[in-house]
**Student:** 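Just passing along the structure, written as structure tokens.
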Amino acid sequence: MDIKAYIQSGIIEQYVLGLATAAEAAQLEQLRVEYPELNEAISAFEQSLEMHIRANEIAPPSHLKSLIEKELFGEQNKSTAIIVEPVQTQQLQQAPVYNMGIWKYMAAACIILLIASTALNFYFYSGYKKSEDQYEALLTERNTLQANNASYKQSLQMLQDTTMLHIQMKPLPGKENNIAMVVWDPHSKDVYIYTGGMQQTPEGKQYQLWAIVDGKPVSAGLIDNNCIGLCKIGKIDHAQAFAITLEKEGGNATPTLTAMYVIGKVS
Amino acid sequence: MSQTLSYTESELIALLKQRSQASFSYLYDNYAAALYSVIFSVLQDKELANDVLQEVFIKVWKQIDQYNPEKGRLFTWLVNISRNAGIDTLRSRSYQDQQQNRELTSNVDTAAGSTHIETDKIGLRKIVNNLKEEYKVLVELAYFQGYTQDEISKFLNIPLGTVKTRLRSALIQLKDFLKK
């Protein structure tokens, strides 16, 4: 290669001034390794260029230097503040915006859930209250039935008990459809009465059981209007017959004979 | 009186790479005015040149490791960074918009007879201005405005080969002027 011609081709000036293409620059950089005179030529042009530019310097505004140094070195102190802060504020700015959406929906969801929960509470409470009332009613009913059942069971046992005296009481004329029975324990002398076949007592009235002892009526006791099955009345030592009269509430000392409903002889 | 320190290029580069603030100060003091003239000869606007000079020194500080002494002098590297930064600004959208507005006002100024800054007498332009007219255009477009030879060929409607040889001839003449 004619290196002298290459040097004088203008490529060196092109290269130094940054006007060579990438291919031209690559070729020159390769050649300068081989030909030291190329380096000399490059260096010579660089120096003359520098001399010329330096000879025509223009002083920049004096404040520029401190401005640049402030930006570069002030930056080092600020850098943590400048770099870290925007990240933080970005997070602070972004996070709330991002979270606000979530919290907004969360809050809305909470309110909806609270309202729904409250409504359900009322619904369930009223349901619970209703159920409780029904339960109470059923419990009462059950207790009543159980009690009734117990007394019926007892009554049945007593009725089946052959050691007991069973006295059938028949209705008097005009008092038909009334029937009652006395169960009398000959040992304990306890008297029980069954009035399930009797008319309902009118308001303020009560049935009274009488024992006929030696032709004279002796009060055996008042019959509870709510008596179910066999009801224990009291003790009677001996009697020839039993009768039931309708008396005023609390009973009478002597029976109202016109209001005698049933009577039965002890056999 | 403290003696002014003087570094060789390689010493300065080594210190810059060590992130020495003093070396940056030295770099600025010794190169800013030269680079400012390069930037100004490209932009022909002091305000813009101020901005670009700042940009250049920040870039140099950050990219000093990219400087390869085998490819050329530090000064050459700095000049090329400055010229490129100036051309980038020239090509930027904001500059283009600014120029459109400015054309109107400068026309008014000219009409009013006010004197234009004689940019032709500043820095490298002073030499380029002495080139033959046909060379002057090429150097203007290639060096100061950053057009590629291919672009110039299309722009001036002359063959690429002609642009290539003519540009080289222009640069040889430029070199001769520099030696004077």
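Here is how names work: the chains are called A, B, and so on, in the same order as the sequence lines, proteins then strands, and each is numbered from 1.
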**Student:** Does the ring center of A:Tyr35 lie less than 6.0 Å from the ring center of A:Tyr6?
**Tutor:** no
**Student:** Indicate whether any N or O donor in one side chain lies under 3.5 Å from an N or O acceptor in the other, for B:Asn50 and B:Tyr36.
**Tutor:** yes
**Student:** Where does B:Asn80 contact chain A at under 4.5 Å (heavy atoms): side chain, backbone, both or neither?
**Tutor:** side chain
**Student:** Identify which part of B:Ile39 has an atom lying under 4.5 Å from any heavy atom of chain A, answering side chain, backbone, both or neither.
**Tutor:** neither
**Student:** Could you tell me which portion of A:Gln14 (side chain, backbone, both or neither) has an atom closer than 4.5 angstrom to a non-hydrogen atom of chain B?
**Tutor:** both
**Student:** Test salt bridge (Lys or Arg N to Asp or Glu O under 4.0 Å) on A:Lys129 and A:Glu132 and set out the steps.
**Tutor:** CA-CA 5 Å; A:Lys129 200 71 191 146; A:Glu132 198 187 41; 3.3 Å; yes
**Student:** Decide side-chain hydrogen bond (donor to acceptor under 3.5 Å, both in side chains) for B:Lys126 and B:Ser41; before the verdict, give the C-alpha distance in whole Å, the side-chain angles of both, and the deciding distance to 0.1 Å.
**Tutor:** CA-CA 9 Å; B:Lys126 203 155 80 176; B:Ser41 63; over 6 Å; no
**Student:** Measuring heavy-atom distances to chain A, does B:Gln173 have an atom under 4.5 Å in its side chain, in its backbone, in both, or in neither?
**Tutor:** neither
**Student:** Considering only heavy atoms, which portion of B:Lys164 lies under 4.5 Å from any heavy atom of chain A: side chain, backbone, both, or neither?
**Tutor:** side chain
**Student:** Evaluate the ring planes of B:Tyr147 and B:Phe155, with Trp represented by its six-membered ring, and classify them as parallel (under 30°), tilted (30 to 60°) or perpendicular (over 60°).
**Tutor:** parallel
**Student:** Which bit of B:Leu35 is near chain A, if near means a heavy-atom gap under 4.5 Å: side chain, backbone, both or neither?
**Tutor:** neither
**Student:** B:Tyr143 versus chain A, heavy atoms under 4.5 Å apart: side chain, backbone, both or neither?
**Tutor:** both
**Student:** Does the plane of the ring in B:Phe24 sit parallel, tilted or perpendicular to the ring in B:Trp61? Use 30° and 60° as the thresholds.
**Tutor:** perpendicular
